[in-house]
Amino acid sequence: MADELNIKNIKGSFNMEINEYKSWVVSFYKKRNWYHYDSFIRIGFLAEEVGEVLGNLFIIADKYDIEFNEILNYHKLKLEERFNERL
């Protein structure tokens, strides 16, 4: 129930423009003293986040018996067909 309420509250904020969001993020990071981190540290943060995303994707794929090879092959074929290009 709490998750549903949070989703309902979030939906109202999806109309935010990208520049408005950028300003919000900059303010948020500055307020918490996170803004000063350099690009190399940020890459480390991103690597951690990507790891979490991949972990969740693997779990979803496992639950629905989806092979990542199938996803990768489908994506490759989709791009080749979209751009009429094969390597």
Side-chain angles (χ1 to χ4, degrees):
M1 182 78 170
D3 290 336
E4 291 175 18
L5 292 175
N6 289 337
I7 290 170
K8 288 177 184 174
N9 291 338
I10 290 170
K11 285 182 182 177
S13 65
F14 281 158
N15 292 329
M16 185 180 288
E17 296 291 327
I18 192 74
N19 288 329
E20 183 182 356
Y21 179 73
K22 177 186 165 199
S23 294
W24 178 85
V25 168
V26 168
S27 295
F28 186 86
Y29 276 56
K30 284 181 177 179
K31 182 191 264 186
R32 283 155 185 80
N33 202 25
W34 298 342
Y35 187 81
H36 71 280
Y37 294 124
D38 68 23
S39 298
F40 294 106
I41 291 174
R42 297 209 174 279
I43 289 170
F45 294 156
L46 287 173
E48 289 178 23
E49 294 299 321
V50 168
E52 285 188 39
V53 169
L54 282 174
N56 282 301
L57 287 173
F58 289 143
I59 290 168
I60 291 168
D62 187 66
K63 286 186 175 210
Y64 291 97
D65 198 27
I66 300 169
E67 294 292 329
F68 264 83
N69 293 358
E70 293 174 20
I71 294 169
L72 297 176
N73 287 330
Y74 174 78
H75 182 68
K76 180 179 177 255
L77 179 64
K78 180 182 76 170
L79 289 175
E80 289 175 340
E81 288 177 357
R82 179 182 296 162
F83 297 104
N84 198 24
E85 186 175 319
R86 298 208 189 274
L87 298 177

Exercise for the section: Could you state whether Y64 and Y74 fall into the same hydrophobic cluster, counting links through intermediate Ile, Leu, Val, Met, Phe, Trp or Tyr residues with side-chain heavy atoms under 4.5 angstrom apart? Expected result: no
Exercise for the section: Report the distance from atom OH of Y35 to atom OH of Y29, rounding to the nearest 0.5 Å. Expected result: 12.0 Å
Handout entry: CD on E70 to CG on D65, rounded to 0.5 Å
Key = 8.0 Å
Problem - Interatomic distance, E49 atom CD to R42 atom CZ [nearest 0.5 angstrom] - result: 12.0 Å
Exercise for the section: Could you tell me the separation between the CG atom of N73 and the NZ atom of K76, rounded to the nearest 0.5 Å? Expected result: 7.0 Å
Completion exercise
Nearest heavy-atom contact between W34 and Y37 is O-CD1, 3.0 Å
Handout entry: L77-L79 co-clustered via ILVMFWY side chain contacts under 4.5 Å
Key = no
Problem - Common cluster, F45/L54, ILVMFWY with side-chain heavy-atom separation under 4.5 Å - result: no
Fill in the blank from the handout: When rounded to the nearest 0.5 Å, the distance separating NZ of K63 from CD1 of I59 is 7.5 Å
Problem - Exceeds 12 heavy-atom contacts within 6.0 angstrom, atom NE2 of H36 - result: yes
Completion exercise
So CZ of F58 and CG of N56: to nearest 0.5 Å the spacing works out to 11.0 Å
